[in-house]
Amino acid sequence: IAANYGLAVSGNKTYMKTNMQVAFFNLTLEFIMNGDNMYMLNSKQKVYMESTGSDGLGEDMMTGDQIQEALGSSTSEYQKTSIVKSKGKTYICEEYIDNGTTFKYYFDQSTEELKRIEYDAEDGTTIAMDIVKLIGNPADSYFEVPAGFKKVDEDGFTNAMLGPYAGLLGAAQTTTKVNG
């Protein structure tokens, strides 16, 4: 799976956009989390699915405050700071360990801007995120379902995402019958 992510956080509001290449699918998903409400959006089809309450968010879903806290976790143990060179650039790498996972934060040496985050878990899973742009104070529009989007149920959302391939994953397929 190859994926790109965008993230905006403001208090307990979080917006995330991800583009994923899974097998022959190219999927783009957007998520808005605002308190107890979560919205999953498909901008291409202009549909969204809503979940409300703790059941909708699930135990693994984090609020904006929790994500911010995780970035500066008080349980992380500082390991070291090193200078790393990659692709002609020099970075300052700060390394922490938290519950068996190694976190590496790469800062551009000349600007001190965060440019990359890596997570190496005990089970061998590695996630690397290259930071393209950091913006302070994201616009409120990030945390609202855009006008013109249609609310659908889970089957409707899956069908919108996967189109003719929805049936391959066990989703209900819908068809339109035209009389005439």
Side-chain angles (χ1 to χ4, degrees), residues 1-44 48-49 51 54 56-146 161:
I1 297 175
N4 295 313
Y5 293 89
L7 182 69
V9 178
S10 179
N12 72 342
K13 299 181 282 187
T14 302
Y15 166 84
M16 184 178 79
K17 181 176 184 176
T18 180
N19 299 309
M20 295 179 281
Q21 182 69 42
V22 182
F24 54 91
F25 294 111
N26 185 12
L27 302 175
T28 299
L29 287 173
E30 295 174 82
F31 301 90
I32 297 171
M33 290 157 279
N34 190 347
D36 284 341
N37 298 321
M38 182 181 84
Y39 307 92
M40 189 180 315
L41 293 81
N42 176 324
S43 292
K44 184 176 180 182
Y48 73 97
M49 181 177 74
S51 298
S54 60
L57 294 178
E59 291 180 21
D60 294 333
M61 192 61 67
M62 298 175 71
T63 66
D65 288 336
Q66 291 169 320
I67 291 170
Q68 289 175 321
E69 184 178 319
L71 291 175
S73 173
S74 61
T75 60
S76 293
E77 294 178 28
Y78 171 80
Q79 298 299 301
K80 64 181 177 179
T81 297
S82 57
I83 302 296
V84 177
K85 293 187 181 207
S86 176
K87 300 179 183 177
K89 291 225 174 212
T90 304
Y91 300 94
I92 300 166
C93 176
E94 294 181 5
E95 192 171 314
Y96 298 82
I97 293 182
D98 190 4
N99 294 322
T101 299
T102 301
F103 297 85
K104 296 178 185 176
Y105 301 94
Y106 294 85
F107 300 87
D108 183 299
Q109 187 177 33
S110 61
T111 65
E112 297 184 358
E113 291 179 342
L114 181 63
K115 292 295 183 180
R116 183 177 178 90
I117 301 172
E118 293 180 2
Y119 304 98
D120 296 318
E122 282 182 313
D123 67 2
T125 303
T126 298
I127 298 173
M129 295 181 283
D130 290 312
I131 311 298
V132 177
K133 179 170 47 170
L134 291 174
I135 300 171
N137 301 319
D140 287 340
S141 61
Y142 276 106
F143 311 107
E144 299 168 1
V145 175
M161 289 300 300

Visitor: Could you pull out the closest heavy-atom pair between Cys93 and Lys104, with the gap in Å?
Guide: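 Closest pair (atom of Cys93, atom of Lys104, distance): SG-CB, 3.9 Å.
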Visitor: Any side-chain heavy-atom pair from Leu7 and Thr14 closer than 4.5 angstrom?
Guide: yes
Visitor: Sub-3.5 Å donor-acceptor pair from the side chain of Glu144 to the main-chain atoms of Tyr142, do we have one?
Guide: no
Visitor: So Lys17 and Phe31, do their side chains get closer than 4.5 Å, heavy atoms only?
Guide: no
Visitor: Would you say the side chain of Tyr91 lies within less than 4.5 Å of the side chain of Lys85, judging by non-hydrogen atoms?
Guide: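 The answer is no, as the side chains (C-beta and beyond) never meet within the 4.5 Å cut-off.
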Visitor: Which atom pair, heavy atoms only, marks the closest approach of Pro138 to Phe143?
Guide: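 Heavy atoms of Pro138 and Phe143 come nearest at CG-CZ, 3.9 Å.
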Visitor: Is atom CG of Asp123 surrounded by more than 12 heavy atoms (other residues, nucleotides or ligands) closer than 6.0 Å?
Guide: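 Yes.
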Visitor: Indicate, with yes or no, if the rings of Tyr96 and Tyr78 have centres closer together than 6.0 Å.
Guide: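 Centroid separation for Tyr96 and Tyr78: below 6.0 Å.
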Visitor: Would you say the side chain of Ile97 lies within less than 4.5 Å of the side chain of Phe103, judging by non-hydrogen atoms?
Guide: no
Visitor: Do Ile83 and Thr90 touch side chain to side chain, with heavy atoms closer than 4.5 Å?
Guide: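 When only atoms from C-beta onward are counted, Thr90 and Ile83 do touch, with a gap below 4.5 Å.
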Visitor: Is Thr28 close to Thr18 at the side-chain level, that is, under 4.5 Å between some pair of heavy atoms?
Guide: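 No - every pair of side-chain heavy atoms lies 4.5 Å or more apart.
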Visitor: Judged by modelled atom types alone, do Tyr15 and Glu30 share a side-chain donor-acceptor pair under 3.5 Å?
Guide: yes
Visitor: Under 4.0 Å between a Lys/Arg side-chain N and an Asp/Glu carboxylate O for Asp108 and Lys115?
Guide: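 The answer is no: the pair does not qualify as a salt bridge.
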Visitor: When you compare the side chain of Glu95 with that of Ser82, does any pair of heavy atoms fall below 4.5 Å?
Guide: no
